[in-house]
Amino acid sequence: MIPQTRRNFIKTAGSLTIGFSLGGIPLFPGVFSCSGEIPDTTRSSSSVNAWLEILPNGNLRVFTGKIEIGQGIRTAIAQVAAEELNMDMEKIEVVLADTDRTPNESYTSGSRSIESSAMSVRHAAAYARQKLLDLAAKRLNTSTDDLWIKNGKVGHKNDKKTVSFNDILGGHQIEDEVNLEVQLKPRADRKVIGKPVPRQDIYDMAAAAPVFVHNLRFPDMVHARVVRPPAYQANLKEADETALLQQFPKLLKVVRNGSFLGVISKDEYTSIRAQEFLKENTTWTVSEKLPDIKDGGLPEYLKSLPAKDETVVDKGNISKANADTSWIKASYFKPYIMHGAIGPSCAVGLYEADQLYIWTHSQGVYPLRETLSGMLNMPMENIHVKGVPGSGCYGHNGADDVTADVALLARAYPGKHVRLQWSRHDEHAWEPYGSAMILEPKARLSNSGKITHWEYDLWSDTHSTRPGGNPGRLLPAWYLDKPMTDNSDGYFGGASRNAEPYYRIPNQQVHTHFFHGPLRISALRGLGAYANIFAIESFMDELAEQAGKDPYDFRLMHLDDPRAKEVVEKLHKLTSTTSHPEGTGLGIAFSRYKNNAAYCAIAARVAVKDDNDIQLQKMWAVIDAGETINPDGLKNQTEGGMIQSASWTLKEEVTFNTQHITSRDWNSYPIFRFDEVPEVEVIIIDRPEAPPLGAGEAAQGPAAAAVANAVYHTCGKRVRRLPVNKYIKM
Amino acid sequence: MSTITLQIVVNGKTHTVEADPATPLLYVLRDHLQLNGPRFGCGLAQCGSCTVLMDGNAIRSCSIPVQAVTETEITTLEGIAQDAESLHPVQQAFVEEQAAQCGYCLNGAIMAAVALLRRNPDPNDEEIRNDLHGILCRCGAQARMIRAIKKVKG
């Protein structure tokens with residue numbers, strides 16, 4: 001199946017295609033800038049620049065370079081287009097990330113899809129409205145002020161005459177670019193933005209429609225599996241292919257390239273059995289072991305590693321006060337944690353006539369194409385990467401790696417669609433984790449209980465090793481005959497996300513210490529913000545107690561931004577007007593994500609039983625994400641963010657021995673189950689006059705600290721080390 | 001590995017399949033019968049993504065060989081509604097509550113809820129939570145799913 005290009009669709013009838021001038025001035029922050037995680041190196045190579053297309057039947061097709069990963073972006077993007085063109089949602093098709101069809105928006109990451117992609121589509125749709133009204137006014141010999149536009153038609157306000165978009169376009173294919181004068185629909189006229197429009201894809205999933213990349217089926221498709229090494233650094237010495245083929249005579253292909261080993265079969269279960277057989281019937285040499293760390297010794301080990309030191313914030317005067325002994329200090333630790341997608345990573349590839357076609361749930365189809373081009377030594381224009389929704393990933397998981405696996409296998413077995421889904425062990429043991437971090441704040445208080453001095457040291461590994469054009473970041477490339485490795489630093493900057501408190505503190509320093517740790521790591525929801533906010537907001541709770549202040553009052557004393565104050569005050573009202581059962585305790589926390597995105601204040605209520613068993617009963621969030629496009633989508637993201645973060649905080653820690661990862665399934669890496677999930681309640685402060693702000697990661701940090709503080713206020717045990725459930729008992 | 005001819009009843013229809021009798025039911029449903037509801041999540045009966053009903057009871061199709069179900073009636077997500085145009089009340093409630101994010105676990109949650117409501121038409125909060133213990137959701141949509149299931153009993 002050869003993917004159709006956009007231009008093939010519009011051969012016969014009129015159409016209006018709207019793009020942006022790539023050299024133009026950005027209309028709003030973020031559209032043409034980097035993803036917020038790693039520099040956008042691939043964007044300028046894009047020749048596909050259409051964001052929106054009016055179809056001959058009056059329907060609308062919208063192109064986004066972002067992928068749907070459960071955040072509801074498809075619906076939000078359709079909503080903004082529907083609003084600006086007065087169209088019913090059913091008349092809008094959203095095309096997701098595809099190197100043959102959509103703009104290059106680099107990665108779907110950093111809670112930026114609304115801020116960048118949806119706002120681009122909104123401006124393109126507003127521009128299309130103006131353009132269509134202009135064309136219609138000429139045709140009807142009237143002024144645009146006398147016209148209305150709705151559902152693919154333009155009409156005159158004073159008579160019943162209407163013209164369809166198709167009439168207006170008159171068979172012409174018009175391509176145009178948004179200019180700076182585009183007017184968005186005034187706030188008072190908005191009917192779709194700000195409404196809880198249900199997601200069509202939830203209906204489709206509930207009705208068992210084939211939504212996921214995992215559900216793709218092609219005629220004569222074959223199934224592959226890859227045999228992973230026993231350790232990160234290992235070489236394949238011998239694989240008993242003769243015994244394998246004796247046992248599985250119907251195997252179509254055994255692919256070996258250096259230490260990369262894969263099998264292909266018509267039948268999926270045969271490939272799985274062959275993979276299991278090879279695990280037992282191969283010999284490997286392990287060239288480098290992981291460090292031997294005794295239980296509980298990870299923070300000390302990581303602190304002992306060579307580190308690159310930098311001071312990232314320096315305000316007022318800290319050094320003068322340093323000799324003083326009246327500092328309050330604490331040290332917090334967050335372990336390695338995993339993305340843990342419920343559906344292991346999956347991809348389909350077809351190599352045919354020098355062209356490679358890829359279906360993937362990668363968060364960045366364009367950067368992946370560039371990276372595959374490097375790994376395969378193939379021209380980029382011969383690689384076509386199509387984004388298809390996958391299981392929720394929450395960052396850089398195995399999606400790119402499984403695609404690289406499939407690319408290698410498909411090229412070795414041309415002419416057939418090759419599908420590969422990782423096993424649970426593959427996913428748990430080989431995905432890149434979120435880095436462990438050590439966080440050490442210290443502060444001084446004035447006599448009136450205000451923070452006068454603040455110094456913060458953090459130790460962390462990098463927070464993104466997304467492929468970004470570097471083949472050494474694709475897992476299978478490490479094991480090829482000519483191995484490709486990555487010695488670059490990745491995105492260390494993610495470690496200091498939210499390392500600077502959002503509070504007024506006159507004298508402040510933040511120091512970062514970057515190490516290269518033993519495990520494979522990359523971007524996980526919120527990057528360093530989760531651990532930094534856990535530490536800062538736990539420490540704020542400790543300081544409030546030292547200052548003899550209520551935790552709400554203490555935060556409000558140090559906040560200047562009225563929107564920050566409002567979320568905290570609203571949460572205070574919510575928790576103080578709720579009655580809480582005897583023997584429970586509340587904890588609260590606040591942050592503004594990235595210090596420039598959504599504001600979020602969270603409270604948690606826990607009960608702690610005699611044997612230190614923690615029952616997380618309820619969590620409340622108040623969130624201000626500027627203009628809300630879809631309030632139910634924002635609620636869903638915030639509820640889910642709190643629950644996921646509470647699971648990380650209470651239960652999760654990736655473990656390893658000297659050979660490899662020992663967190664290899666849901667028993668050795670437990671996450672929240674239904675009986676552990678708290679009740680959740682989310683209040684939105686909508687600000688239709690303000691720009692929309694990224695919100696998908698806003699709850700992660702404050703949820704962690706709220707849970708930790710609630711534990712303290714219930715049983716008097718201060719949480720300084722995660723996961724809580726493990727270390728509270730030690 | 002050798003294949004044999006087996007007959008299985010899925011969603012009210014009898015299907016003849018050629019498969020190794022040890023093949024987990026999941027792969028037969030997905031690859032032979034082209035069904036989308038049950039999904040591979042762990043292959044270890046730990047996550048519930050592959051849940052189907054066997055004679056009305058929720059089972060993990062990843063961990064039961066196809067030969068063990070030939071005398072039973074299997075129902076998948078595709079087969080719980082009355083007809084192709086309508087949704088089962090549990091499906092309907094999940095859509096109304098928008099009880100999903102990525103939706104990969106949705107099959108397991110809906111199928112486990114259908115089995116629960118069949119045994120216990122009026123489960124309380126605790127019974128729902130305990131019964132869905134075997135279904136993992138990573139997006140944190142459980143609170144919405146519990147609301148959806150309560151709605152059906154109401």
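Note on naming: letters A, B, ... go to the chains in the order of the sequence lines (proteins, then strands), and numbering restarts at 1 for each one.
- A:Arg424 CZ to B:Ser49 OG: the interatomic distance, rounded to the nearest 0.5 Å, is 8.0 Å.
- Expressed to the nearest 0.5 Å, how far CD1 of A:Ile342 lies from SG of B:Cys47 amounts to 6.0 Å.
- Contacts of A:Arg217 with chain B are made by side-chain atoms alone, with heavy-atom separations under 4.5 Å and no backbone atom involved.
- Shortest non-hydrogen contact noted between B:Gln98 and A:Asn636 is O-ND2, 3.6 Å.
- In terms of heavy atoms, B:Cys102 sits closest to A:Met205 at O-SD, 3.0 Å.
- Heavy atoms of A:Ser645 lying under 4.5 Å from chain B are absent altogether.
- Of the atoms belonging to B:Gln34, heavy atoms from both backbone and side chain fall under 4.5 Å from chain A.
- Contacts between A:Arg664 and chain B at a heavy-atom distance below 4.5 Å are absent for every atom of the residue.
- In terms of heavy-atom pairs under 4.5 angstrom with chain B, the leader among A:His428, A:Glu679, A:His223, A:Arg525 is A:His223.
- Between atom CZ of residue B:Arg138 and atom CD of residue A:Gln644 there is a gap of 5.0 Å, rounded to the nearest 0.5 Å.
- Rounded to the nearest 0.5 Å, atoms CE (A:Met221) and CG (B:Asp31) are 7.0 Å apart.
- For A:Ile69, the part sitting under 4.5 Å from any heavy atom of chain B is the backbone (N, CA, C, O) and nothing else.
- Between the side chain of B:Gln142 and the main chain of A:Phe674, no donor-acceptor pair closer than 3.5 Å is present.
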**Asked** Would A:Glu639 and B:Arg144 count as a side-chain contact (heavy atoms from CB on, under 4.5 Å) if you check the C-alpha gap in whole Å, the side-chain angles of each, and the deciding distance to 0.1 Å?
**Response** CA-CA 9 Å; A:Glu639 289 173 10; B:Arg144 285 176 174 239; 2.9 Å; yes
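- Proximity to chain A (any heavy atom under 4.5 Å) is shown, for B:His88, by neither the backbone nor the side chain.
- With a 4.5 Å cut-off on non-hydrogen atoms, A:Pro678 touches chain B through its backbone but not through its side chain.
- Looking at B:Arg147, only its side chain comes within 4.5 Å of chain A, counting heavy atoms on both sides.
- Across A:Tyr394 and B:Cys139, no two heavy atoms sit closer than the pair OH-SG, 3.0 Å.
- Residue B:Leu106 touches chain A through its side chain alone, counting heavy-atom pairs closer than 4.5 Å.
- No other option in A:Val211, A:Asp201, A:Ile272 has as many heavy-atom pairs under 4.5 Å with chain B as A:Ile272.
- Of the two parts of A:Asn667, the backbone and the side chain both hold a non-hydrogen atom closer than 4.5 Å to a non-hydrogen atom of chain B.
- A:Asp675 contributes atom CG, which lies 11.0 Å from atom CG of B:Asp131 (distance to the nearest 0.5 angstrom).
- When atom types are taken as modelled, the side chain of A:Arg199 and the backbone of B:Gln101 share a donor-acceptor pair closer than 3.5 angstrom.
- With a 4.5 angstrom heavy-atom cutoff, B:Phe40 touches chain A via backbone and side-chain atoms both.
- Proximity to chain A is absent for every atom of B:Ile80, based on heavy atoms less than 4.5 angstrom apart.
- Both the backbone and the side chain of B:Leu132 come within less than 4.5 Å of a heavy atom in chain A.
- Here A:Asp267 contributes atom CG and B:His32 contributes atom NE2; the two are 5.5 Å apart, rounded to the nearest 0.5 Å.
- Residue contact with chain B, scored on non-hydrogen atoms closer than 4.5 Å, involves the backbone of A:Ala209 exclusively.
- For the pair B:Gly103 and A:Phe212, the tightest heavy-atom approach, listed with the atom from each and the gap, is C-CZ, 3.7 Å.
- Of the residues considered (A:Gln71, A:Met642, A:His425, A:His339), A:His339 shows the highest number of contacts with chain B, using heavy-atom pairs under 4.5 Å.
- For the set A:Glu676, A:Glu68, A:Glu427, A:Gln637, the entry with the most heavy-atom pairs within less than 4.5 Å of chain B is A:Gln637.
- The contact between A:Pro198 and chain B is made by backbone and side chain atoms together, counting heavy-atom distances below 4.5 Å.
- Looking at A:Lys635, the atoms closer than 4.5 Å to chain B (heavy atoms on both sides) sit in the backbone and in the side chain alike.
- Contact annotation for B:Ala19: neither backbone nor side-chain heavy atoms come within less than 4.5 Å of a heavy atom of chain A.
- Looking at B:Leu44, only its side chain comes within 4.5 Å of chain A, counting heavy atoms on both sides.
- If you tally non-hydrogen atom pairs under 4.5 Å between each of A:Asp204, A:Val677, A:Ile671 and chain B, the highest count goes to A:Val677.
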